[in-house]
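Residue numbers start from 1 in every chain, and the chains themselves are labelled A, B, ... in the order their sequence lines are given, proteins ahead of strands.
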There are 2 protein chains.
Amino acid sequence: MADCITCKNKNCLINKNSTDPRLADFLKNKHTIKCKKSQQFIMEGTPAHGLFFAYEGKVKVVKTGVNDREQIVRFAKDGEIIGHRGGFGSSKYYSISAQALEDSTLCYFSKEDLKNILLNIPKLTFDFMLFYADELSESETRVRKLAQMSVRERVIDTLLFMDRKFGSTDQLLNIRLSRKDYADYSGTTEEQVIRILSTLKKEGLLNAKGRKLGILDFETLQNEISKHTYSPNS
Amino acid sequence: MADCITCKNKNCLINKNSTDPRLADFLKNKHTIKCKKSQQFIMEGTPAHGLFFAYEGKVKVVKTGVNDREQIVRFAKDGEIIGHRGGFGSSKYYSISAQALEDSTLCYFSKEDLKNILLNIPKLTFDFMLFYADELSESETRVRKLAQMSVRERVIDTLLFMDRKFGSTDQLLNIRLSRKDYADYSGTTEEQVIRILSTLKKEGLLNAKGRKLGILDFETLQNEISKHTYSPNS
DNA sequence: GTAAAAAACTGCTTTATAGCAGGAAATTTT
DNA sequence: AAAATTTCCTGCTATAAAGCAGTTTTTTAC
């Protein structure tokens with residue numbers, strides 16, 4: 001955990017380049033932060049001092065909206081970046097909030113340290129660039145889906161996404177979200193999510209054990225949204 | 001036009017770094033492409049060979065949807081990138097289509113050439129990274145707006161965006177879009193846009209000379225959507 | 001383990017938005 | 001300049017989604 005070179009998160013952009021000797025000093029300045037469930041560790045609009053990486057746990061990234069409605073912008077798990085531009089971009093403030101969905105451990109680097117290595121190790125910068133480009137592509141797909149899918153389709157799409165992102169064990173998704181969270185990601189209201197989930201249960205497509213949800217019939221669900229997903233990006 | 005060093009588009013990422021001698025060979029391999037109005041020069045799903053830059057003109061970037069509905073993902077003007085990952089990322093295919101909104105001139109670089117310089121000139125790679133990061137931030141803001149604003153608010157937001165992006169002359173926006181285009185960007189239907197635009201005209205907030213639209217009362221329009229736009233990102 | 005709080009659920013009502021159809025205006029083509 | 005095509009517009013109708021209120025279940029705190 002203290003050491004990026006032996007870290008288990010092989011997909012982490014820092015880990016991928018950690019053997020580069022020019023990173024040695026940089027890695028010494030890493031901070032490790034423990035975060036309890038529901039704890040918010042980035043507040044939208046506050047000055048951005050650096051970038052977080054999820055070491056262990058699950059995180060939701062949120063943009064504040066009107067009333068009680070927030071928009072969950074993305075989810076992050078082991079090895080993934082949180083805080084995006086982290087202050088080394090054009091904006092000096094975080095454009096999102098981030099909250100732990102379960103007890104999590106985060107790695108933190110200051111923007112000065114990051115900028116320093118990014119301007120010196122092209123391979124790393126290139127990897128960062130690709131990461132942002134891929135995220136952008138995904139975000140643009142999400143723009144289209146929000147604009148064009150029905151609420152039911154968006155909820156189904158979200159369920160399938162959760163399985164892809166976090167996986168399932170014994171027919172149950174490896175993530176535990178409130179109905180409100182599903183709504184905030186799917187771009188609808190809590191009530192609508194509740195109605196749709198219970199309809200899906202009645203239709204035998206969805207499984208529910210306590211608060212945990214499980215997908216029973218992938219094919220039928222996939223089919224229902226397939227007309228929107230023929231494009232190259234998910 | 002043939003020369004990036006004397007190019008007028010100072011915001012172009014290539015231009016910004018064009019004095020670097022390591023770019024000399026790269027710049028020789030630039031292609032210049034002329035594009036008539038309405039011409040499509042990137043097709044979603046086709047193999048991506050490289051990246052375009054708008055030299056002159058205006059372009060819409062589109063993701064294909066169901067029925068007649070497309071989603072306009074962004075607009076590009078002088079100096080801006082089109083084609084995003086352009087094949088040097090994880091996907092080998094364009095995830096979007098691009099179409100000229102007026103007669104335009106484009107610059108083109110192959111992905112091999114690009115990858116080569118990006119891995120050798122950290123400053124350039126860093127600029128590219130920041131570009132994608134900022135685009136991502138904007139796209140995430142758009143996700144929230146699509147999910148939370150009403151149709152009328154989204155149309156107003158689009159009008160104000162057009163003024164910010166393309167400017168206005170004599171109370172008329174410097175861009176000419178169809179009602180369908182406004183709909184495809186705002187995430188609604190043509191009819192809805194028509195209805196809202198004519199209401200705005202009646203309310204004296206909007207000006208229309210032929211097909212060209214102009215904003216008459218910025219303040220009132222800004223106020224109507226202000227509750228959604230208090231956040232750091234537009 | 002019990003009390004308190006939060007989350008999940010359901011039926012009903014209201015509202016916003018989409019869809020259709022037919023016509024007018026504007027733009028492009030010949 | 002006339003014809004053809006495209007874009008724009010309007011009223012009406014249908015429908016999807018949101019909002020509200022009251023109840024039950026589950027989770028968290030003590």
A.B. asks: A:Lys37 side chain N/O closer than 4.0 Å to the phosphate oxygens (OP1, OP2) of D:dT28?
C.D. replies: yes

A.B. asks: Please evaluate the base of D:dG19 for a donor-acceptor partner in the side chain of A:Arg195 within a cut-off of under 3.5 Å?
C.D. replies: yes

A.B. asks: It should be established whether A:Arg176 places a side-chain nitrogen or oxygen under 4.0 Å from OP1 or OP2 of nucleotide D:dT27.
C.D. replies: yes

A.B. asks: Taking only side-chain N and O atoms of B:Ser198, does any of them lie within less than 4.0 angstrom of OP1 or OP2 on D:dT10?
C.D. replies: yes

A.B. asks: For a quick check of understanding: with a heavy-atom distance under 4.0 Å over all strands, which category does A:Arg154 fall into, base, sugar-phosphate or nothing?
C.D. replies: nothing

A.B. asks: Give the rounded distance in Å between these two atoms: CD of A:Glu190 and P of C:dT10.
C.D. replies: 13 Å

A.B. asks: Is the A:Tyr185-A:Phe75 ring centre distance short of 6.0 angstrom?
C.D. replies: yes

A.B. asks: Expressed in angstrom and rounded to an integer, what is the separation of A:Tyr182 atom OH from C:dA8 atom C1'?
C.D. replies: 14 Å

A.B. asks: Given atom CD1 of A:Ile194 and atom C1' of D:dT25, what is their separation to the nearest angstrom?
C.D. replies: 12 Å

A.B. asks: For B:Met149 and for A:Arg179, locate the closest nucleotide of DNA chain C by heavy-atom distance; then report the residue assigned to the nucleotide nearer the 5' terminus.
C.D. replies: A:Arg179

A.B. asks: Does the separation of the ring centres of A:Tyr132 and B:Phe131 fall below 6.0 angstrom?
C.D. replies: no

A.B. asks: May I ask you to evaluate whether B:Arg211 reaches the phosphate of D:dT7, defined as a side-chain N or O under 4.0 Å from OP1 or OP2?
C.D. replies: no

A.B. asks: Starting at atom CG of A:Leu206, determine the distance to atom P of C:dC9, rounded to an integer number of angstrom.
C.D. replies: 10 Å

A.B. asks: Round to a whole Å and report the spacing from CG of B:Asp181 to P of D:dC8.
C.D. replies: 9 Å

A.B. asks: Please walk me through it: do A:Leu197 and A:Val155 pass side-chain contact (heavy atoms from CB on, under 4.5 Å)?
C.D. replies: CA-CA 8 Å; A:Leu197 290 183; A:Val155 172; 4.1 Å; yes

A.B. asks: Any carboxylate oxygen within less than 4.0 angstrom of a Lys/Arg side-chain nitrogen, looking at A:Lys60 and A:Asp184?
C.D. replies: no

A.B. asks: Can you tell me if CG on B:Asp170 sees more than 12 non-hydrogen neighbours from other groups inside 6.0 Å?
C.D. replies: no

A.B. asks: Mind calculating the distance between CG (B:Asp184) and C1' (D:dT7) to the nearest angstrom?
C.D. replies: 14 Å

A.B. asks: May I ask you to verify if any side-chain N or O of A:Thr188 is less than 4.0 angstrom from the OP1 or OP2 atom of D:dA17?
C.D. replies: no

A.B. asks: Which nucleotide sits closest to the side chain of B:Thr189: D:dA18, C:dG19, C:dT17?
C.D. replies: C:dG19

A.B. asks: Are OP1 or OP2 of C:dC9 and a side-chain N or O of A:Lys201 less than 4.0 angstrom apart?
C.D. replies: yes

A.B. asks: Whole Å only: how far is the CG atom of B:Leu177 from the C1' atom of D:dT6?
C.D. replies: 16 Å

A.B. asks: Quick check: on DNA chain D, is the nucleotide nearest B:Ser178 upstream (toward 5') of the one nearest A:Gln192, or the reverse? Name the residue that is more 5'.
C.D. replies: B:Ser178

A.B. asks: Assign each of A:Lys202 and A:Ala147 to its nearest nucleotide of DNA chain C by heavy atoms, then name whichever residue's nucleotide is nearer the 5' end.
C.D. replies: A:Lys202

A.B. asks: Which nucleotide sits closest to the side chain of B:Glu191: C:dA8, D:dT7, D:dT10?
C.D. replies: D:dT10

A.B. asks: Could you tell me if A:Lys34 sits above the aromatic ring of A:Tyr55, with its cationic atom closer than 6.0 Å to the ring centre and no more than 45 degrees from the axis?
C.D. replies: no

A.B. asks: Rounded to whole Å, how long is the line connecting atom CD1 of B:Ile196 with atom P of D:dC9?
C.D. replies: 13 Å

